[in-house]
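For the single chain, residues carry numbers from 1 onward in sequence order. As the structure lists them, so they are numbered: ligands from 1, and atoms in each ligand from 1. Given the structure is predicted, the values throughout are model-derived calculations rather than measurements.
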Amino acid sequence: MERSTTDVLVLGAGIAGLSAALAADEAGADVTLATKARRPEEASTWWAQGGIAITRDDPEQFEQDILEASAGTADEDAIEVLVENAAETVRDVLVDTVGIEFDTNGDGFDYGQEAAHDEPRILHVNAETGKHIHVPFLNYVADETDVTILEDTAALELIRHEGRVHGAILEHDDEWAPTFAGSTVLATGGIGALYPRSTNPPSATGDGIAMAALAGADVDDMEYVQFHPTACHTESGTFLISEAVRGEGGILRNGEVPEVEDSGARETSSPGGERFMPDYHRDAELAPRDIVARAVTTERELTGEVTLDVSAFDFETEFPDLASKCEQHDVDWTTGIPIAPAQHFLCGGIVVDEWGRTTLDKLYAVGECSRTGVHGANRLASTSLLEGLVWGQRAGADAAGKPIETIEPPELLERDPDLPATFAKDKFRRLRRVMDEMVGIERTPSGLKRAQGVLRRLKGEVDAYVRTRTSRSLYELRSASIVSLLISRAAAENEQSVGCHYLVEEGETTPTPESAKQ
Ligand code: SIN
């Protein structure tokens, strides 16, 4: 790798990174976008299903829905920025510039309905919207702009001096070199790799958050890790069953076999057991995500299983991609799709303002690694692609035009070929077990304390290796251990259950229908 300079260095190539790169390029900056991904599938955007919510006739109701889903904790100014810019940015960038063809019906866009939205307002392409946005957007930036894209290139450290960031040390093929930049935009995505079951790609190791925290940037709301209620776990992997399926009429059923009143015979009209969500929330299957995720957890504990009954509509016609995914994983959706929650999204992250500016000079953060305040303690469905797109545009435009200063970069040590191949794998396994058992969908104060102890020791072991060796997997493990500690510490400090942060006493279970009813 060669030492280089660029006006704007964007780290990450999901929707937020692409949006920032495009805006900076349009503002006349020389832009370098580095992504550790080798294929589009390695960005979380590619994995997104439901879609992208936009403002229709009633922006205030959209704002209200975001605020309510967050249990009143989201930042109202940030919500306003999102909602005010939603329709226009989607139209300008995705429809008019990139040429994405969202699904339509006879009346125009075929707006989808998802949980906690007051009206259908989700633009989608089947239920695999992420990849239908990501691939053309990536191709557009690669072919139609002057942005230089470096694939399979990871950022290991930020180059910083006295509260100002001057670029990053990049690694490719076990070689590394500094790239100095007028501005650096972190768009490194989420943290799914910290949990054993996640809807994110395995590359989601929290690198941007860890690098920013190490450089001294503020991070916040880290305890708010969102679990998606309906993931399908099979031996061949975990995959998401979009909330859009519940929006279309999918019903959650537990393992309790209902009896037909007069004959006592099994109900045969629909697959699976009893419908339970109306007992937990007035919006039943379309209640806010955190409530559905905990109800599914409880019902699985109480009755053994939860399935998603899709018999009320033509699943194969409405969700062809999901039907074929079920088939690939040997899941017979006609008898109900077995589901359980899985880690899905981090609502908190690197603190930014309405232009994506972090608390460090010349450092920006956009997309899932950032904390704009839009999500508070719980994110409303189909607002993450939108947030990445809107903040990407704003940060990219703001980041252009800053002078490049070259300073002495941090020194990294030569790679030691003796790094045990299994070291990172073994430590990751331990880290995921701790996060799953003690920092998962429900948490106890004592579990959080224990988790911090184990994670601190683990981070110490990783730090000792980082002092003597450099490899991408070691740096990813370091990122994961730093971010796990940030999450468990924030969770331990927050004594109030709210949104995705749910505390129980030792030995207590998740809410029963009675305790959760609202
Ligand atoms: C889904 O399709 O259910 C996920 C959408 C989202 O996470 O916003």
Practice problem: Measure from the side-chain N and O atoms of Thr97 to the backbone N and O of Leu94, and report whether any donor-acceptor pair falls under 3.5 Å. | Solution: no

At less than 3.5 Å, what protein N or O atoms come close to the N or O atoms of ligand 1? Include the distances to 0.1 Å.
from, atom 1, to, atom 2, distance (Å)
ligand 1, 2 (O), Gly50, N, 2.8
ligand 1, 2 (O), Ser242, OG, 2.7
ligand 1, 3 (O), His228, NE2, 2.7
ligand 1, 3 (O), Glu243, N, 2.7
ligand 1, 7 (O), Arg289, NH1, 3.1
ligand 1, 7 (O), Arg289, NH2, 3.2
ligand 1, 7 (O), His344, NE2, 2.6
ligand 1, 7 (O), Arg379, NH2, 2.8
ligand 1, 8 (O), Arg379, NH1, 2.8
ligand 1, 8 (O), Arg379, NH2, 3.4
ligand 1, 8 (O), Ser382, N, 2.5

Quiz prompt | Residues forming a ring-ring contact (aromatic ring centres under 6.0 Å, His included) with Phe345, sequence neighbours excluded | solution = His375

Self-check item: Short side-chain to backbone donor-acceptor contact, Arg379 and Leu346, under 3.5 Å
Solution: no

Quiz prompt | Side-chain donor or acceptor of Glu42 paired with backbone N/O of Arg38 under 3.5 Å | solution = yes

Quiz item: So does Arg443 pair up with Glu223, basic N to acidic O under 4.0 Å?
Solution: no

Self-check item: Asp436 and Arg197 ion-paired at < 4.0 Å
Solution: yes

